[in-house]
Structure formats: C-alpha cells, structure tokens
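Structure first, commentary second.
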Amino acid sequence: MLFEVWAPDADSVGLRLSGELRAMGRDPGRDGWWTAEAEASDGDRYGFVLGGDGSGNGGDGSGGDGADPRVLPDPRSRRQPDGPDGESAVVDHSLFEWRSDWAGRGLPGAVLYELHIGTYTAEGTFDAAAARLEHLAELGITHVSLMPVCPFPGTHGWGYEGVSLWAVHEPYGGPEGLKRFVDTAHGLGLAVLLDVVHNHLGPSGNHLPAFGPYFTATHHTPWGAAVNLDAPGSDEVRAFLLGSALAWLRDYRLDGLRLDAVHALADGRALTFLEELSTAADALAAELGRPLPLIAESDLCDPRTTTPRESGGLGLHAQWNDDFHHSLHTALTGESQGYYADFAAAPLAAVAKTVTSAFFHNGTYSSFRGRTHGRPVDIARTPAHRFVGYAQTHDQIGNRALGDRLSATLSPGLLACAAALVLTGPFTPMLFMGEEWGARTPWQFFTDHTDPALAEAVRNGRRREFAAHGWAADDIPDPQDPATRNRSCLDWSEPSQEPHSRLHAWYRELIALRHALPDLRDPDLASVRTAHDEQARWLAYRRGDLRIAVNLGEKPATIPLGGGRRRGDGNRVVAAWEPVEAPGGDGLLHLPPESCVVLADG
C-alpha cells in the first residue's frame with residue numbers, strides 16, 4: 001500500500017512500519033509530500049520519523065546520534081489504538097460488512113437529537129449507545145447528532161479538544177465501533193450526523209506542527225494560533241480538513257456534519273474554506289445519491305452562512321439558532337446574566353420575533369456585545385428548516401457552572417411548554433439527550449487530561465471563570481474528577497418513572513404530530529403569525545390551520561384567538577398538556593397555568 005505524508009520542512013522522512021524503519025522519497029508531483037510503498041494489512045502499526053525538523057533526528061531519519069528515532073503518528077491516521085501519542089494503525093475500510101441498505105435522509109421534516117457517546121450510557125461506548133437507539137426510533141427522532149469522536153488524551157471528555165481528525169476515539173470503540181453504531185442506526189431508520197471541529201485542535205497530543213504549517217500566528221483565537229486557512233501552506237491545510245470531512249461521510253456512511261464554531265475560522269481568502277467544503281460535500285452527495293447536509297454553529301447571525309453559493313452565500317445547509325434558544329431560555333427561567341441580558345427585557349416578544357424572523361439580532365443593538373449585531377434573514381426566500389431550534393444543547397447546559405439542565409429548576413409544565421415551542425415551531429427541532437424525559441442528571445464539564453500541568457490549568461481556569469460570577473471555587477465540579485463524568489451519565493431508569501414518563505409521552509406525542517401534520521413542517525417563515533402578553537406570560541402562534549398556545553405564568557390565562565364561531569365549528573384540541581376546552585364562540589382560550597395546547601381549525 002502507499003504511505004504518504006506532507007512534511008514540507010523536513011530534510012528526510014522515514015516510515016516506521018511494524019517496527020522496521022525505511023526511507024521515504026519525495027513525491028516529484030507534489031511539493032512537500034513524501035511517499036513509500038510497503039506491504040501492510042489492517043491493524044499494522046506505523047508512524048513517521050522526520051529528519052531536519054529540529055527534534056534531534058539525523059538527515060536519514062534514524063535519530064542521528066544513535067538514539068531511537070521519535071516516531072510521530074500519521075496526521076491522516078485512521079486509527080490510534082494507544083491514543084494520540086501512540087503509533088497509528090492501518091485501517092482497511094473494505095473489510096467491514098454493512099448490513100443496512102440506506103438511501104439517506106435530508107433535513108426537511110427532520111427531528112434531531114444531540115448525543116454524547118461517553119455519557120449516553122454508563123459504559124460510554126458506541127455499542128452501548130447503539131443498544132439504546134431503538135428508544136430514539138420509537139420517540140420519532142430522524143437524525144442522531146453525535147458530538148465529536150476524534151481521539152483525545154485519556155478516556156472521558158467532551159471531544160472538542162480532539163486531535164487526529166481522521167481517526168475515532170479508541171475507548172468509544174474505534175473505527176469498527178462507529179461503523180456498527182451507524183449501521184444499527186440506519187437499520188432503525190435513523191440518520192447519523194457528526195460534530196467536527198476545524199477551528200482548533202486539542203493542546204495535548206497534537207503533533208501537526210511538527211509536520212508543517214498547520215497553524216499560523218497571523219491570526220489568534222481563544223485557543224492560541226489559528227488553524228492555517230489563509231497563510232502560506234494553507235492550500236494543503238485546507239485539503240487536509242476537506243479530506244477529513246469527506247472521509248467521515250464516505251468511509252463511515254455518515255449523513256452529514258455539524259461544524260463547530262465556524263465564526264472562529266480565521267479565513268481571509270476570497271474563496272473561503274466553508275465554500276470549498278460545501279461544494280465538496282454537495283459533489284459527494286450527488287456521487288453517492290444521498291443528502292449530506294452541513295450544519296453550522298455560528299455566532300454571527302449572518303444569513304449568508306446558509307444562503308446558497310449561487311446567491312452569494314457560503315452554501316451550508318443549516319445553522320444552529322442560538323437567538324431562539326436564548327429568548328426561550330430567558331422566558332422560561334427569567335435569567336438575565338451574560339448574553340441573556342439582550343433578551344430579558346421582553347423575552348416573549350423575543351421568542352415571537354425569532355419564530356417569525358429567525359434571528360433576534362438582525363441588525364439590532366446587543367448590550368452583551370456593546371454594538372449592533374446580525375443581519376436580517378430574507379424570510380420570503382429562506383426555508384425555516386435551515387435553522388435548528390432547541391431549548392437545550394451540550395453548550396447551554398455544560399457551560400453552566402453546575403451543568404444543570406432546565407429540569408433542575410423548572411416544573412414539568414414549563415418543560416412541556418418548552419417542548420411545545422421547539423417541536424411545533426418553524427425550525428428544525430433538536431433535543432439534547434435525556435431532555436425528552438426531563439433527565440435529572442446534570443451534564444457537566446469534564447476532562448481526562450493525562451498531562452498534570454494541563455489538568456491543573458483547566459481545573460483552575462474553570463474555577464476562576466465562575467468565581468468572577470460569584471461562585472465559590474469549591475462549588476465548581478472538578479473536571480478531572482471521574483465523578484464529574486459519572487454524574488453526567490444518563491439514568492435509564494428514569495423514563496419509566498413519574499414525572500419523567502409523562503413528559504416522555506408528551507414529547508412522543510408532539511413529534512408524532514410534527515410528522516403527521518404538514519403545517520408543522522411548513523418551511524414558510526413569512527406565514528407564521530404570533531401574539532403574546534408579556535405580563536400575563538402567554539404566547540400563541542398560528543401555523544397554517546394550527547394554533548399553538550403556551551401559558552408560562554403561574555395563573556390561568558385567557559388568550560383571545562378570534563371569535564365569531566360556534567363551539568364545534570371553530571378550533572378543536574389536538575394535544576394538550578393539561579385538560580383544556582377549545583375556545584367557544586367568543587374565541588377565548590382558557591389555558592391552565594404552566595400549560596400548553598395545540599389546536600386545529602374545524
């Protein structure tokens with residue numbers, strides 16, 4: 001097989017394969033590339049030895065002074081059996097026998113479910129998670145959105161400090177485990193998306209700088225030097241990232257990617273990396289004959305992110321809508337700190353604005369940022385499914401001091417209202433694992449850094465961050481304590497117990513309605529009509545022949561939905577959290593406290 005590596009600054013490169021070191025030659029057709037042909041089979045260990053890289057290696061890649069050469073993992077490694085610092089292993093993708101004949105599934109009409117392999121079950125493996133996928137199929141989920149699965153030091157972590165962007169975290173089950181998970185999901189009719197991180201790599205186990213200019217000091221990010229997307233050498237870096245993205249979609253039969261924090265991609269080139277990526281993904285989708293959506297996380301409130309390339313946009317297929325989350329969270333909880341301040345003055349008005357305009361910040365002033373922010377969405381031309389709406393995500397739970405979910409403080413009624421607004425709203429809905437039954441387990445920030453200095457820095461940094469907001473250091477969970485991860489694992493005994501089982505049934509009912517009623521999948525944002533009363537704490541909106549009303553207040557609410565009809569000729573109750581009668585001839589809906597209803601005309 002052909003072994004190849006891009007190492008433009010090396011004087012020589014050696015391939016260490018199954019303990020034997022052999023020289024590699026320069027590729028005359030590709031500047032900076034080194035190649036070697038060698039017999040190898042699935043599972044064989046290998047790595048590269050760089051000469052002239054300042055590491056003490058000699059020009060022949062042998063170590064120079066007689067010392068054992070420093071063997072580095074392949075930047076394009078498909079497997080790291082011993083973690084990011086160990087040798088790579090050959091992976092023969094053709095050996096896996098796929099069982100499911102899968103045609104793919106697009107985003108229109110989808111219901112997403114964000115899942116972290118390491119805490120979805122106590123075992124924290126692909127196989128254990130796959131055994132729980134039937135729960136999601138029965139719930140009505142269409143797409144499972146996996147948090148990152150690239151290798152990172154240690155066993156447990158969120159995955160956003162991953163390295164080896166072509167490989168799979170070994171403690172989860174490695175490449176074979178991911179394939180089994182995807183195959184099981186497809187057999188149940190579930191598409192699988194994967195969260196990928198291109199804006200930074202983990203500080204530990206990251207060997208890319210030894211090979212070439214994968215990072216640049218031209219730009220600085222919260223994680224240090226930026227990934228090199230526009231400085232010298234960036235053509236190859238882009239190709240590295242593009243190749244990794246397409247490999248997930250092709251080799252693992254994944255159905256799309258979630259792109260982490262694309263606003264942090266420092267890219268000054270005329271043709272941006274994201275345009276290149278969306279072009280390549282669309283070409284692969286056409287080749288494979290199945291949809292491969294790219295979903296961005298972006299803080300920019302910029303509709304160009306999902307505007308088609310032919311109309312001057314980046315061509316991504318959807319983006320997370322944090323504005324909807326922030327307005328909904330503020331309306332439910334009353335919190336007003338940090339970025340919630342922008343939504344706290346009139347949270348129900350903010351919810352109403354987002355469900356009709358997508359972004360709350362569409363050129364408005366942001367007190368959190370101290371400037372105007374965002375750009376209006378052309379709601380007449382932009383389908384609503386391009387925006388993902390949610391009440392909870394890994395970020396919005398895990399980045400809280402205690403990792404507390406909404407279920408830690410809200411009543412079952414308010415949780416039901418949150419579900420109604422997410423699952424009957426115009427956006428592509430997404431749940432965070434366990435939300436569907438109001439899980440009481442927190443989801444906290446946890447790490448398993450093997451570098452003691454880094455572990456201490458993360459621990460102290462977390463405490464300093466929340467000390468600035470008035471938290472006592474001892475109250476902040478230690479990310480390195482195994483108990484922090486263990487507390488974050490779902491308790492699968494909860495769904496069968498009250499009050500969780502009732503909430504679970506409500507989620508299942510709402511998702512079934514979304515699949516059954518075309519009005520709930522209508523992508524026309526311009527057709528959504530809203531009404532609200534900030535003081536009485538109710539909000540209602542119309543979607544086609546359906547009306548959705550929520551009462552977040554502690555008192556019954558009387559909501560005017562329009563009169564002039566006899567009882568029985570007007571609205572009928574399709575679904576309700578608490579018993580409620582349809583409006584009479586006066587058009588008044590009397591909704592119990594902390595409750596919600598879905599009504600249909602006729």
Side-chain angles (χ1 to χ4, degrees), residues 321 323-336 340-362 364 379 389 391 406 409-427 506 510 519-520 525-565 567 570-601:
N321 189 352
D323 278 12
F324 172 71
H325 168 272
H326 297 346
S327 59
L328 176 56
H329 184 92
T330 305
L332 291 167
T333 67
E335 292 182 11
S336 59
Y340 293 133
D342 288 340
F343 306 85
L348 289 175
V351 174
K353 181 177 180 179
T354 60
V355 298
T356 54
S357 305
F359 295 144
F360 176 80
H361 285 306
N362 54 5
T364 58
I379 60 174
L406 289 176
T409 53
L410 298 186
S411 68
L414 288 179
L415 295 176
C417 289
L421 292 171
V422 169
L423 291 167
T424 68
F427 309 128
W506 177 242
L510 290 174
D519 283 341
L520 292 182
L525 277 170
S527 69
V528 181
R529 296 289 182 268
T530 68
H532 67 277
D533 186 320
E534 206 75 57
Q535 185 173 3
R537 287 180 51 73
W538 62 260
L539 179 142
Y541 53 86
R542 172 184 280 277
R543 302 200 63 203
D545 292 332
L546 300 174
R547 300 177 189 228
I548 297 89
V550 300
N551 177 14
L552 306 183
E554 297 178 352
K555 298 179 180 179
T558 299
I559 303 174
L561 295 181
R565 296 180 180 180
R567 185 180 298 276
N571 298 121
R572 59 184 175 84
V573 175
V574 176
W577 176 248
E578 298 287 0
V580 62
E581 292 189 359
D586 58 4
L588 296 178
L589 171 67
H590 300 284
L591 194 57
E594 299 183 349
S595 188
C596 45
V597 64
V598 179
L599 303 164
D601 288 346

Quick check against the 3.5 Å criterion: does [X] have a side-chain atom that pairs as donor or acceptor with the backbone of [Y]?
| X | Y | result |
| --- | --- | --- |
| Arg572 | Ala582 | no |
| Asn551 | Pro592 | yes |
| Trp506 | Ala416 | yes |
| Glu594 | Pro412 | no |
| Asp545 | Asp519 | no |
| Asn571 | Pro583 | no |
| Arg542 | Gly544 | yes |
| Arg547 | Ala540 | no |

[X] to [Y] - nearest heavy-atom pair and separation:
| X | Y | value |
| --- | --- | --- |
| Ala352 | His532 | CB-ND1, 4.1 Å |
| Val574 | Ala600 | CG2-CB, 3.5 Å |
| Ala331 | Val351 | CB-CG2, 4.4 Å |
| Ser357 | Asn362 | CB-ND2, 4.4 Å |
| Val597 | Ala576 | CG2-CB, 3.9 Å |
| Pro560 | Leu588 | CA-CD2, 3.7 Å |

Hey, are the side chains of Val580 and Leu591 touching, using non-hydrogen atoms and a 4.5 Å cut-off? yes

Classify the angle between the aromatic ring planes of His325 and Tyr340 as parallel (below 30°), tilted (30 to 60°) or perpendicular (above 60°). tilted

The ring-ring contact (aromatic ring centres under 6.0 Å, His included) partners of Phe343 (sequence neighbours excluded) come to His326, Phe360, His361

Show, in sequence, the C-alpha distance, side-chain angles and deciding distance for Tyr541 and Thr356, and conclude whether the side chain to side chain donor-acceptor pair (under 3.5 Å) test is met. CA-CA 10 Å; Tyr541 53 86; Thr356 54; over 6 Å; no

Could you check Val598 against Leu520 for side-chain contact (heavy atoms from CB on, under 4.5 Å), going step by step and ending with a plain yes or no? CA-CA 11 Å; Val598 179; Leu520 292 182; 5.6 Å; no

Would you please name every residue forming a side-chain contact (heavy atoms from CB on, under 4.5 Å) with Thr333, sequence neighbours left out? His329, Glu335, Leu406, Leu410

Run the side-chain contact (heavy atoms from CB on, under 4.5 Å) test against Ala418 and tell me which residues pass, sequence neighbours left out. Leu332, Ala391

Please lay out, stage by stage, how Phe324 and Val422 fare under the test side-chain contact (heavy atoms from CB on, under 4.5 Å). CA-CA 9 Å; Phe324 172 71; Val422 169; 4.0 Å; yes

side-chain contact (heavy atoms from CB on, under 4.5 Å) between Ile379 and Val528, worked out: CA-CA 10 Å; Ile379 60 174; Val528 181; over 6 Å; no

